[in-house]
Enquirer: 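Handing you this structure, nothing more for now.
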There are 2 protein chains.
Amino acid sequence: MKYTIVDHIQRQVDLNAEASRDLEGILVNRLVRKRQFIVQPGFACTHQTYVQKGSFRGYLVTADGTEHTVQFAIEDWFISDFHSYIFQEPATLFVEALEDSAVQQIEYSHVETLCKTHHSLEHFFRLVAQKSFAFSQKRILSNFEMQAEERFLFFKKQYPQIEARVPQYALASYLGISPEFLSKIKRNSTQST
Amino acid sequence: MKYTIVDHIQRQVDLNAEASRDLEGILVNRLVRKRQFIVQPGFACTHQTYVQKGSFRGYLVTADGTEHTVQFAIEDWFISDFHSYIFQEPATLFVEALEDSAVQQIEYSHVETLCKTHHSLEHFFRLVAQKSFAFSQKRILSNFEMQAEERFLFFKKQYPQIEARVPQYALASYLGISPEFLSKIKRNSTQST
DNA sequence: AACTAAAAATGAACTGGTTCAAGTCTGCGG
DNA sequence: CCGCAGACTTGAACCAGTTCATTTTTAGTT
């Protein structure tokens, strides 16, 4: 069973024959090597990327040179610099492969065209955006609700596959703490088990 | 010129006669008194609320009893507990009127029905969700990029109408700092002007 | 299997922001 | 126009998390 973007969408909405044919028509399959970037600051993020195999992280580098991870993506997830994608403005994020990966990409203008012709696709992308927004809000809340240690334990529980596959400095920067402090948290929380 | 939800939508997408008539049909006009809640934890957030007049804030109360503001809304903005609205699950937020206000509300199931019958409305709500998500991501980023003082100055510059109308403890909790510290920031940043 | 470079762990000194407690200002109800 | 409650200010003690410098572990390459 191989992950594909069409299956992913079919799981959530009904696509008729034309819609799924048209969608197939705009898909671009691509292999991406570990450490390779699919989005870089300064260039508009022209595509949404669906991960078939492998993993990615999206991160920001601030003026002081530190990295801040915004999003991880593994099999069956989408990733992009969404702000850049939606407004077709230069990206501010890096999106980098954490492993050798296989992806399917769809281009902004193609997606917009298909959304006009197929109500079902417009519906799908509405659902995606709404859920993404809801989770993004929840993430802001969870930073208010939890201390660093709780956030780590929560992440570990909710996304064990990701926690296991991702470099620790990347996870620290996702949790909003320094790698040193994440190290301490791990020590404290495992010794008390 | 009075704010209405139909005008708001027309500014972004073309609604034909039936679509705007059907939309009018599900609108509920409502007056809300200062300090009144339109969303409360425990109850599902059944409506999206469009602000015609007045202002609102959405906030979370954490276990330790402190408030954390997630969103403000003034004229021509929408507000809700979006996670609760989308999944029709019990809300975790309070949404409270900061002033006597007038709103237009649309109910979840009605919106979903209209999105099915009118592609244009589905399109509108996709755009809204996408922009909301993009801004939500940006907000997460801005907490990484800026220190508390910069966040305050940025907010003040970007939303001067809101900064002026909103109680200071609410703004502090939006910025993720204590009211005392916001007070200090203001002192420091005005004395150096 | 040995070599290397990057990643993770550790500890000590430090800082941005919190907490608590007390004082001041403001607006509006009687 | 007085009183009083809620909102804002101030300062001192404190703490969660950072920074920096060093050591240990891990993983990729020849």
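Here is the naming used below: chain letters follow the sequence lines, and residue numbers restart at 1 for every chain.
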Enquirer: Expressed as a whole number of angstroms, how long is the span from A/I185:CD1 to D/dC15:C1'?
Expert: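 The distance from CD1 of A/I185 to C1' of D/dC15 comes to 15 Å, rounded to the nearest Å.
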Enquirer: Between the protein and nucleotides 5-7 of chain D, which nitrogen or oxygen pairs are less than 3.5 angstrom apart?
Expert:
none

Enquirer: Taking the ring of B/H83 and the ring of A/F133, is the distance between their centroids below 6.0 Å?
Expert: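 Ring centroids of A/F133 and B/H83 are no less than 6.0 Å from each other.
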Enquirer: Can a salt bridge be assigned to the pair B/K184 and B/E149 using a cut-off of 4.0 Å between side-chain N and carboxylate O?
Expert: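 Result for this pair is no, no salt bridge flagged.
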Enquirer: For B/K156, is there an ion pair with B/E163 - N to carboxylate O distance below 4.0 angstrom?
Expert: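 No, B/E163 and B/K156 are not salt-bridged.
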Enquirer: So, do B/S55 and B/E75 sit near enough that their side-chain heavy atoms are less than 4.5 Å apart?
Expert: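 The answer is no, as the side chains (C-beta and beyond) never meet within the 4.5 Å cut-off.
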Enquirer: Which residues pass the ring pair (Phe, Tyr, Trp, His ring centres under 6.0 Å) test with A/F144, sequence neighbours left out?
Expert: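 Per chain and number, A/F144 pairs via ring pair (Phe, Tyr, Trp, His ring centres under 6.0 Å) with B/H68.
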Enquirer: With heavy atoms of chain B within less than 4.0 Å as the criterion, where does contact along DNA chain C begin and end?
Expert: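 Nucleotide range in contact with chain B: C/dG16 to C/dC20.
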Enquirer: Please collect all ring pair (Phe, Tyr, Trp, His ring centres under 6.0 Å) contacts where either partner lies in residues 46-65 of chain B, sequence neighbours excluded, each pair once.
Expert: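 Every ring pair (Phe, Tyr, Trp, His ring centres under 6.0 Å) pair that includes a residue of residues 46-65 of chain B, provided the two are not neighbours, is B/H8-B/Y50, B/Y50-B/F78, B/Y59-B/F94.
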Enquirer: Roughly, in whole Å, what's the span from CE in A/M146 to P in D/dA16?
Expert: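 After rounding, the gap between these two atoms is 17 Å.
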Enquirer: Using only heavy-atom distances, determine whether the side chains of B/Q71 and B/R57 contain a donor-acceptor pair under 3.5 Å.
Expert: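 The answer is no; no qualifying pair exists.
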Enquirer: Could you tell me the separation between the CG atom of A/L175 and the P atom of D/dA16, rounded to a whole number of Å?
Expert: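 After rounding, the gap between these two atoms is 18 Å.
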Enquirer: One thing to verify: whether B/K157 and B/E150 come together as a salt bridge, which I'm taking to mean a side-chain N less than 4.0 angstrom from a carboxylate O.
Expert: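 Not counted as a salt bridge, because no side-chain N and carboxylate O are separated by less than 4.0 Å.
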Enquirer: Using rotation axes that map the C1' atoms of four end pairs onto the next four (five pairs an end), what angle separates the end axes of the helix from C/dA1-D/dT30 to C/dG30-D/dC1, to 10°?
Expert: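 Comparing the first five pairs with the last five, the axes sit 50° apart.
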Enquirer: Are any of the side-chain nitrogens in A/E99 or A/K34 under 4.0 Å away from the carboxylate oxygens of its partner?
Expert: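 Salt bridge absent between A/E99 and A/K34.
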Enquirer: Does D/dG11 have OP1 or OP2 under 4.0 Å away from a side-chain N or O of B/R187?
Expert: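 Result: yes.
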Enquirer: Can you measure A/L98 atom CG to D/dA27 atom P for me and round it to whole angstrom units?
Expert: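 In whole Å, D/dA27 P lies 15 Å from A/L98 CG.
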Enquirer: Rounded to the nearest Å, what distance is computed from the CG atom of residue B/L171 to the C1' atom of nucleotide D/dC8?
Expert: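 Going from B/L171 (CG) to D/dC8 (C1'), I get 13 Å.
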Enquirer: Does a side-chain N-to-carboxylate-O contact under 4.0 Å join B/E122 and A/R126?
Expert: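 Answer for the salt bridge query: yes.
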Enquirer: Between B/D76 and B/R11 (salt bridge meaning N to carboxylate O under 4.0 Å), is one present in this structure?
Expert: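 Yes, B/D76 and B/R11 are salt-bridged.
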Enquirer: Dump every N/O contact between nucleotides 19-26 of chain D and the protein below 3.5 Å, one line per pair.
Expert:
from, atom 1, to, atom 2, distance (Å)
D/dC20, N4, A/E180, OE2, 3.2

Enquirer: Hydrophobic clustering (ILVMFWY, side-chain heavy atoms < 4.5 Å, transitive) - are A/W77 and A/V95 grouped together?
Expert: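 Different clusters.
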Enquirer: Cation-pi check, A/R139 to A/Y174: give yes when NZ or CZ is under 6.0 Å from the six-membered ring centre and within 45° of the ring axis, no otherwise.
Expert: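 Cation-pi check for A/R139 and A/Y174: passes.
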